[in-house]
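The block underneath contains the structure these notes are about, expressed in structure tokens.
All values below come from the heavy atoms of this structure, side chains included, with hydrogens, waters and symmetry mates left out.
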Amino acid sequence: MARPKYYPVELTEYEIGLILKYVLAISPLLKRRLKNPKPGTYDPELLRASMSLAEITDVIGWLAGEANHTRSRNLEFDLNGLCESLECVESDIKHGHL
């Protein structure tokens, strides 16, 4: 089986916290990569974690489901915003931009 390719995903500390809290089926390997991110490339507020395309897609699905079921408008807004950001990364990967 071929090893997955990992892509840099830049996130804030808060966004990493959302993923760790709301993605219930997160793999131990991804959890470890999210807990030990590297500094971002361009923005000091951002942290860079490596994720495969499959992991990005799974995280988007989990976060979207949580956004649909939360009673908090603020949390729904934050989760949907993170989904949109990850969908942009997902699209860039699929179109060969990353």
Can you give me the closest heavy-atom contact between Pro4 and Ser52, atom names plus distance?
CB-CB, 4.0 Å

Pairwise side-chain contact, Asn36 with Arg32, heavy-atom cut-off 4.5 Å (strictly under):
yes

Does Leu82 share a hydrophobic cluster with Tyr14, counting links as ILVMFWY side-chain heavy atoms below 4.5 Å and allowing steps through other members?
yes

CD of Glu76 to SG of Cys83: how many Å apart, nearest 0.5 Å?
10.5 Å

Any chance you could lay out the side chain to side chain contact (heavy atoms under 4.5 Å, CB included) test for Lys31 and Leu20, step after step, and finish with the verdict?
CA-CA 7 Å; Lys31 185 182 282 190; Leu20 292 171; 3.8 Å; yes

Can you measure from CD (Glu15) to CG (Leu79) and round to the nearest 0.5 angstrom?
10.5 Å

Side-chain heavy-atom pair Thr57, Glu90 within 4.5 angstrom cut-off:
yes

Between Arg33 (side chain) and Ser50 (backbone), is there a donor-acceptor pair under 3.5 Å?
yes

Within 6.0 angstrom of His69 NE2, more than 12 heavy atoms from elsewhere
no

Non-hydrogen side-chain atoms of Glu45 and Thr12 separated by less than 4.5 Å
no

Does atom CD of Glu87 have more than 12 heavy-atom neighbours from other groups under 6.0 Å away?
yes

Side chains of Leu75 and Tyr22, heavy atoms from C-beta outward: is any pair under 4.5 Å?
yes

When you check the side-chain N and O atoms of Tyr7 and Asp92, is any donor under 3.5 Å from an acceptor?
no

According to a 4.5 Å side-chain heavy-atom criterion applied to Ile, Leu, Val, Met, Phe, Trp and Tyr, with indirect links allowed, do Leu29 and Ile26 form part of one hydrophobic cluster?
no

To the closest 0.5 Å, what do you measure between CG (Leu86) and CE (Met51)?
6.0 Å

Taking a hydrophobic cluster as the set of Ile, Leu, Val, Met, Phe, Trp and Tyr residues connected by side-chain heavy atoms closer than 4.5 Å, whether directly or through intermediates, do Tyr42 and Ile16 fall within one such cluster?
no

Glu10 and side chain to side chain contact (heavy atoms under 4.5 Å, CB included): which single residue from Val89, Leu46, Leu47 fits?
Leu46

Decide yes or no for Pro8 and Thr41: does some side-chain heavy atom of the first lie under 4.5 Å from some side-chain heavy atom of the second?
no

Hey, quick one: are Leu63 and Phe77 part of the same hydrophobic cluster, counting side-chain heavy atoms closer than 4.5 Å, chains of contacts allowed?
no

Is the shortest heavy-atom distance from the side chain of Ile19 to the side chain of Leu11 under 4.5 Å?
yes

How close do Leu34 and Ala49 get, heavy atom to heavy atom, and via which atoms?
CD2-CB, 3.8 Å

Kindly determine whether Asp58 and Val23 satisfy side chain to side chain contact (heavy atoms under 4.5 Å, CB included), including the steps that lead there.
CA-CA 9 Å; Asp58 286 347; Val23 178; over 6 Å; no

Answer yes or no: does atom OH of Tyr6 have more than 12 heavy-atom neighbours from other residues, nucleotides or ligands under 6.0 Å?
yes

